[in-house]
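First the proteins, then the strands, lettered A, B, ... as listed; each starts at 1.
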2 protein chains.
Amino acid sequence: MLTINRKTDYAARILLHLAMQPPGTTVTVQEAAQARLVPYPLARRLFSLLANAGFLKTHRGKGGGFSLARSPAEISLLEVVEAVEGPVALNRCTVEPQECPLVSDCPVHEEWVKARDVLRDYLGRVSFQQLAERAIQPRNHPDPRGGAQ
Amino acid sequence: MLTINRKTDYAARILLHLAMQPPGTTVTVQEAAQARLVPYPLARRLFSLLANAGFLKTHRGKGGGFSLARSPAEISLLEVVEAVEGPVALNRCTVEPQECPLVSDCPVHEEWVKARDVLRDYLGRVSFQQLAERAIQPRNHPDPRGGAQ
DNA sequence: TATAATGATACCATTTTGGTATCATTATAC
DNA sequence: GTATAATGATACCAAAATGGTATCATTATA
């Protein structure tokens, strides 16, 4: 299956969680991990990674946590994927052409490159601002007791 | 790194090799494996897989081999990727939404779906006919002895 | 009938993946 | 000022995936 790995998915959940808070809010790993169903020790590592990658500011010590270091409007899904997962390569030859002895004469190579570009372009246009706005809409969980008004 | 695996790359090379032959040509695993730099035992398995998936016809016995079962114009890169690799999912939730408890309320989910569609669409439009035509052009390997005319 | 081909499948080592645990450091709250 | 609640860094682990090999059976031709 051609797919991002679970850690990348978790990281996206975590950043979405941050993006949905009022600007400047500090969130603990505990809280986000529970809210987004990420195993706590893994969430620890992912928060660190996202902080080291410049997405988050850290606040150490009691009462600390993490807050966004950049505006959600300026964080794309692509950046997060590549921070956790490494490059969206589609095929190794797009990243390490020198390792494929056929590459200079391979008509498939350029299609891997173009397909990768199409995918990166799409993911690069999805911002966490958009995602957060969409999530904030009233939920579609019909209340068993009746209407939601 | 988000990438297809090596087997998928090998399978694409193999199909390209077949698509570049005159229609109806039978090719042995030996020959294709050497020409496309695929380890022979692995090529064996990939030919089998491609035959079982309906891309190739097999010719058993001495003098046998494999030939295309379908026109290269009607085989897309997407089909080959999915035959070897499984679905182009981009994220598991696009394939097994029931396994993600957040999915009904997750704004990222629909972006994984759309990005996947964009990628599948692109790969679906690349045919081995096109690839083979491009490959058949005169090579750019300047002959050390001089011009190629 | 020997041989050259595929069919099927078991096997293996290495790497990646998803996850846990631990110790060190920091800053707040009281 | 000290206990505590948070992060920093990193080592560790089991299980799965990956890339690759080997083997025996079958088939059809030369």
Can you tell me the distance, in whole Å, between the OH atom of Tyr10(A) and the C1' atom of dT17(C)?
-> 11 Å
Separation of dG20(D) atom P from Leu37(B) atom CG, nearest Å, is 12 Å
Side chain of Ser71(A), backbone of Ala73(A): donor and acceptor closer than 3.5 Å?
-> yes
Short question: side chain of Glu85(B), backbone of Asn5(B) - any donor-acceptor pair under 3.5 Å?
-> yes
Do the side chain of Thr3(B) and the main chain of Leu90(A) share a donor and acceptor less than 3.5 angstrom apart?
-> yes
What's the CD1-P distance between Ile4(A) and dT16(C), to the nearest Å?
-> 19 Å
With no angle test and no hydrogens, is the base of dT7(D) tied to the side chain of Arg60(A) by a donor-acceptor pair under 3.5 Å?
-> yes
Short N-O contact, Glu31(A) and Arg36(A), less than 4.0 angstrom = no
Compute whether any side-chain donor of one residue and acceptor of the other, for Thr94(A) and Asn91(A), lie under 3.5 angstrom apart.
-> no
Calculate the interatomic distance between Phe66(A) atom CZ and dT7(D) atom P; express it in whole Å.
-> 5 Å
Regarding the side chain of Lys62(A), the nearest nucleotide among dT20(C), dT28(C), dG19(D) is dT28(C)
Between dT17(C) (C1') and Lys7(A) (NZ): distance, integer Å | 6 Å
dT27(D): pairing nucleotide in any strand, Watson-Crick or G-U under 3.5 angstrom | dA4(C)
May I have the distance from Arg13(A) (atom CZ) to dG18(C) (atom P), rounded to whole angstrom?
-> 12 Å
Using purine N1 to pyrimidine N3 plus N6-O4 or O6-N4 for Watson-Crick, or N1-O2 and O6-N3 for G-U wobble, each under 3.5 Å, what pairs with dA11(D)?
-> dT20(C)
Can you sort out which residues in residues 86-95 of chain A have a heavy atom within less than 4.0 Å of DNA chain C? Ascending by number, please.
-> none
Please state how far atom CD1 in Ile14(A) lies from atom C1' in dT7(D), giving the value in whole angstrom units.
-> 14 Å
d(CD, Glu85(B); C1', dT18(D)) in whole Å | 11 Å
Report the nucleotide, chosen from dA5(C), dT18(D), dG20(D), that has the shortest atom-to-atom distance to any side-chain atom of Asn5(B).
-> dT18(D)
Kindly compute the distance separating CZ (Phe66(B)) from CG (Leu46(B)), expressed to the nearest 0.5 Å.
-> 10.5 Å
Just by modelled atom types, is the Val88(A) backbone N or O under 3.5 Å from a matching donor or acceptor in the Glu82(A) side chain?
-> yes
Going by an N to O cut-off under 4.0 Å, is there a salt bridge joining Glu110(A) and Arg134(B)?
-> yes
Using Watson-Crick geometry (N1-N3 plus N6-O4 or O6-N4) or G-U wobble (N1-O2, O6-N3), each under 3.5 Å, dT15(C) is paired with dA16(D)
For DNA chain C, which residues in residues 40-59 of chain A have a heavy atom at a distance below 4.0 Å?
-> Pro41(A), Leu42(A), Arg45(A)
May I ask you to decide whether Glu79(A) forms a salt bridge with Arg70(A), counting only side-chain N to carboxylate O separations under 4.0 Å?
-> yes
